[in-house]
Amino acid sequence: MISDGKTIRSLLLVALFIAFSFSAEAQQPRHAHKIGFLSRDLNAFDSHTLVARRIEAFRQGLQELGYLEGKNLFIEYRYADGRLERLPALAEELVRLKVDIIVT
């Protein structure tokens, strides 16, 4: 398992990747971006779990880059509740929602 520090750094790197990928659109009219967040864990909003801390670090990193959830960024959360066999269907659902990127 990845330690908390490495996980947070990884999530921040993903956020940076997203920011740089969107910077190419800087000259175009701004629109809200949509991220699909896919987790094997339980729903993070139900408890103060490690995944909840990871999501908060992810959100904070995005906010530091100017992306505000509900303003210029929307995140579609999907959780497998520890049942790995659910991941493919959840990923397909995010693809159908036409998210710009899927973060796992």
Side-chain angles (χ1 to χ4, degrees):
M1 181 168 192
I2 300 174
S3 69
D4 267 346
K6 287 183 180 179
T7 300
I8 291 171
R9 283 191 299 270
S10 297
L11 290 173
L12 290 175
L13 286 173
V14 169
L16 285 172
F17 171 78
I18 292 168
F20 289 130
S21 68
F22 293 146
S23 68
E25 299 176 3
Q27 301 302 319
Q28 300 174 7
R30 297 187 69 91
H31 71 282
H33 300 285
K34 192 185 303 186
I35 294 176
F37 187 92
L38 181 60
S39 176
R40 67 179 182 173
D41 299 308
L42 299 174
N43 187 329
F45 299 106
D46 291 339
S47 65
H48 296 295
T49 61
L50 177 59
V51 70
R53 292 191 306 269
R54 290 177 181 164
I55 290 171
E56 186 54 37
F58 179 64
R59 285 177 168 160
Q60 183 178 353
L62 289 169
Q63 185 174 7
E64 290 170 7
L65 295 168
Y67 295 98
L68 302 174
E69 194 171 359
K71 300 280 185 191
N72 59 357
L73 175 73
F74 295 93
I75 303 176
E76 293 286 343
Y77 297 93
R78 298 296 182 271
Y79 300 92
D81 297 324
R83 295 177 32 216
L84 299 180
E85 69 275 7
R86 294 187 63 210
L87 289 172
L90 293 171
E92 287 176 13
E93 183 179 341
L94 291 172
V95 169
R96 280 193 305 276
L97 291 172
K98 299 184 189 277
V99 297
D100 297 308
I101 189 168
I102 296 176
V103 176
T104 64

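- Using a 4.5 Å heavy-atom cutoff, the side chains of Leu62 and Glu69 are not in contact.
- Cluster membership for Tyr77 and Leu90, using ILVMFWY side-chain heavy atoms within less than 4.5 angstrom, is not shared.
- Using a 30° and 60° split on the angle between ring planes, Tyr67 and His33 fall in the perpendicular class, above 60°.
- Note that the OH atom of Tyr79 and the CG atom of Leu38 stand 10.0 Å from one another [nearest 0.5 Å].
- The side-chain hydrogen bond (donor to acceptor under 3.5 Å, both in side chains) test applied to Arg83 returns Glu85, not counting sequence neighbours.
- Contacts of Glu76 classified as side-chain contact (heavy atoms from CB on, under 4.5 Å), with partners at least two apart in sequence or in another chain: Lys34, Arg78, Leu94, Leu97, Val99.
- If you take OG1 on Thr104 and CZ on Phe37, they are separated by 8.5 Å, rounding to the nearest 0.5 Å.
- Taking a 4.5 Å side-chain heavy-atom cut-off between Ile, Leu, Val, Met, Phe, Trp and Tyr, the cluster of Phe74 contains only that residue.
- From Leu73, atom CG reaches atom CD1 of Ile35 across 4.5 Å, with rounding to the nearest 0.5 Å.
- To the nearest 0.5 angstrom, Asp81 atom CG is 13.0 Å from Arg40 atom CZ.
- The two atoms that bring Leu68 and Gln63 nearest to each other are CD2-CG, 3.5 Å, heavy atoms only.
- Using a 4.5 Å heavy-atom cutoff, the side chains of Ile55 and Ile75 are not in contact.
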